[in-house]
Amino acid sequence: MDTSDPAARAAAAEHAVRTRHLRRVWPMPGTALGRSGWPPSFGQRLHWHWNYWWQAHLLDCLVDAQLRAPNPGRAQVIDRFVRSVHRRNFGTWVNEYYDDIAWLGLALQRVHALKLSTVDDALTAIDARLHEGWTDDLGGGIWWRRGDRFKNAPSNGPAAIFHARQGDATRARALTQWLTTTLVDPDTGLVRDGIRADSGELVKNIYTYCQGVYLGACLEQSEMDSAARTVRAVSVHLAPDNVLRGQGGGDGGLFAAILARYLALAVPRLPDPESGLARRIVLSSADACWQGAVVAPGGPLFSAEWSRPVPPLPLGAVPERDLSVQTGAWMLLEAAATVP
């Protein structure tokens with residue numbers, strides 16, 4: 001795979017994911033969602049396996065592609081996709097997980113900005129549900145899911161970005177401040193996973209996901225010192241040789257890509273040296289991801305660990321089969337195509 005053009009790489013990733021994963025639902029005409037695996041199992045063919053937040057990121061990537069290369073056909077797919085999420089989610093825009101809801105909200109905000117579908121009711125429902133998640137337990141913040149006793153970066157980070165883009169600066173600022181005071185490690189600058197209300201236990205696991213959503217929240221509110229600190233921490237701890245570490249398949253297949261998206265947004269916003277650090281990480285990760293891919297039906301198949309090549313085909317029980325992994329690679333390559 002020899003192209004060095006970032007836009008061409010992103011286009012190839014789009015074609016591969018759409019060819020292998022995007023299908024009608026049940027199979028109703030005028031619908032489109034991503035199958036969770038390739039080659040798909042019987043249940044995945046019927047979209048029984050419903051990964052709501054994977055679909056939100058797939059929608060976000062379709063919007064990335066529409067910004068990169070506007071196309072009426074893709075615009076129609078995006079509109080169908082939005083309506084299909086509502087159908088497959090049994091006539092509602094929300095579920096029990098506040099992080100999932102926030103991710104769909106962020107994608108739909110971009111759909112709304114480009115007038116690609118009618119999403120006003122969806123944004124209203126998501127906004128209301130995210131506000132419902134806030135409590136004063138543990139000093140504020142929202143829960144990971146309804147009825148839970150765990151507050152974490154994966155829910156509070158994207159919610160902060162969503163509220164900031166909705167114009168609710170007060171809630172966005174409160175969420176970001178909660179993250180800063182509760183989960184940022186003062187020694188490393190890294191964002192820890194979460195905290196349990198019943199025991200007060202601080203869950204110190206470090207995920208690329210958490211760094212990405214915190215960085216995005218800081219950028220959205222022009223908290224540049226915190227954003228710069230996060231970029232430095234990522235460079236030191238999570239990007240050996242400037243390539244972001246993967247975290248397997250399943251949900252982990254999206255983690256590094258989420259960070260790459262917000263690192264790319266940081267490049268034009270931050271001064272050097274942090275701007276240069278963010279740029280190198282995104283572009284080096286994209287180069288490694290591209291070089292490690294193999295040719296498969298529909299286009300390149302990407303590794304779950306960008307610093308290593310895809311295992312030999314045919315695929316067995318490997319993370320590369322997951323929609324999350326392939327969408328994550330597509331997201332990275334779209335991010336790299338925007339970096340100045």
Side-chain angles (χ1 to χ4, degrees), residues 10-11 13-36 40 44-131 158-159 161-167 213 216 251 254 257-258 261 323-324 326-328 330-331 334-335:
E14 177 193 5
H15 183 267
V17 173
R18 289 179 61 176
T19 299
R20 290 195 291 259
H21 291 273
L22 206 62
R23 294 293 187 276
R24 292 192 299 178
V25 184
W26 293 334
M28 295 184 290
T31 60
L33 287 176
R35 286 176 173 171
S36 295
Q44 289 166 344
R45 288 178 184 275
L46 298 178
H47 294 281
W48 285 349
H49 192 65
W50 176 229
N51 288 107
Y52 174 110
W53 83 288
W54 295 11
Q55 304 292 336
H57 285 289
L58 179 52
L59 175 59
D60 231 355
C61 286
L62 287 167
V63 176
D64 288 338
Q66 188 67 3
L67 288 168
R68 170 177 47 78
N71 179 283
R74 190 191 298 107
Q76 185 178 51
V77 169
I78 290 171
D79 182 49
R80 289 178 176 176
F81 194 100
V82 169
R83 290 185 281 110
S84 300
V85 168
H86 191 251
R87 284 190 179 186
R88 177 58 186 83
N89 206 45
F90 302 112
T92 181
W93 294 106
V94 298
N95 68 11
E96 300 299 297
Y97 290 81
Y98 292 110
D99 54 342
D100 288 12
I101 297 162
W103 284 121
L104 182 60
L106 290 172
L108 292 178
Q109 284 174 325
R110 301 177 75 210
V111 168
H112 180 267
L114 295 176
K115 297 181 172 62
L116 296 170
S117 190
T118 303
V119 298
D120 290 348
D121 289 347
L123 291 173
T124 298
I126 289 168
D127 187 81
R129 180 60 66 86
L130 290 175
H131 272 90
I161 300 168
F162 176 85
H163 287 309
R165 293 178 181 176
Q166 286 293 97
V213 295
D251 288 346
L254 287 163
I258 289 167
R261 176 183 291 282
L323 172 64
S324 58
Q326 301 307 312
T327 299
W330 177 13
M331 190 188 308
E334 293 285 2

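Every heavy atom of this structure was used, including side-chain atoms; hydrogens, water molecules and symmetry mates were not. These numbers were taken from a predicted model, which means no experiment stands behind them. Numbering of residues begins at 1 and proceeds along the displayed sequence.
- Atom CG of residue D100 and atom CZ of residue R129 lie 11.5 Å apart, to the nearest 0.5 angstrom.
- Here the side chains of T118 and V82 are not in contact, with every heavy-atom distance at 4.5 Å or above.
- A 4.5 Å side-chain heavy-atom check between D99 and W53 finds every atom pair outside the cut-off.
- When atom types are taken as modelled, the side chain of R165 and the backbone of Q109 share no donor-acceptor pair closer than 3.5 angstrom.
- With sequence neighbours excluded, no residue satisfies side chain to side chain donor-acceptor pair (under 3.5 Å) with R87.
- Side chain of H131 to backbone of D127: a donor-acceptor contact under 3.5 angstrom is found.
- For the pair L108 and L59, the minimum side-chain heavy-atom distance is below 4.5 Å.
- Q55 places no side-chain N or O within 3.5 Å of a backbone atom of L33 that could act as its donor or acceptor partner.
- Note on residues 21-36: pairs passing side chain to side chain donor-acceptor pair (under 3.5 Å), not counting sequence neighbours, are S36-N51.
- At least one side-chain heavy atom of V94 sits less than 4.5 Å from a side-chain heavy atom of I126.
- Side-chain contact between W54 and T327 is absent, with no heavy atoms from C-beta onward closer than 4.5 Å.
- When all heavy atoms are compared, the tightest approach of A159 to A102 is N-CB, 3.7 Å.
- Across A10 and R68, no two heavy atoms sit closer than the pair CB-NE, 3.6 Å.
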Using the side-chain hydrogen bond (donor to acceptor under 3.5 Å, both in side chains) rule, take E334 and W330 through it: C-alpha gap first, then chi angles, then the decisive distance, then the call. CA-CA 6 Å; E334 293 285 2; W330 177 13; 2.8 Å; yes
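- Without hydrogens or angle criteria, R18 side chain to A13 main chain gives no donor-acceptor distance under 3.5 Å.
- Under a 3.5 Å cut-off, the side chain of R110 and the backbone N or O of D60 do form a donor-acceptor pair.
- Among pairs with a residue in residues 70-91, those fulfilling ring pair (Phe, Tyr, Trp, His ring centres under 6.0 Å) read H86-W93, at least two apart in sequence or across chains.
- In this structure, the separation between CE on M331 and OG on S324 is 10.0 Å, given to the nearest 0.5 Å.
- We find the CG-CG distance between L116 and D79 to be 8.0 Å, quoted to the nearest 0.5 Å.
- When every heavy atom of G30 is checked against every heavy atom of R83, the shortest pair comes out as O-NH1, 4.0 Å.
- Between I78 and Q66, the closest heavy-atom pair is CD1-CB, 4.1 Å.
- Using a 30° and 60° split on the angle between ring planes, W103 and H57 fall in the tilted class, from 30° to 60°.
- In this structure, CG on L58 lies 10.0 Å from CD on E14, to the nearest 0.5 angstrom.
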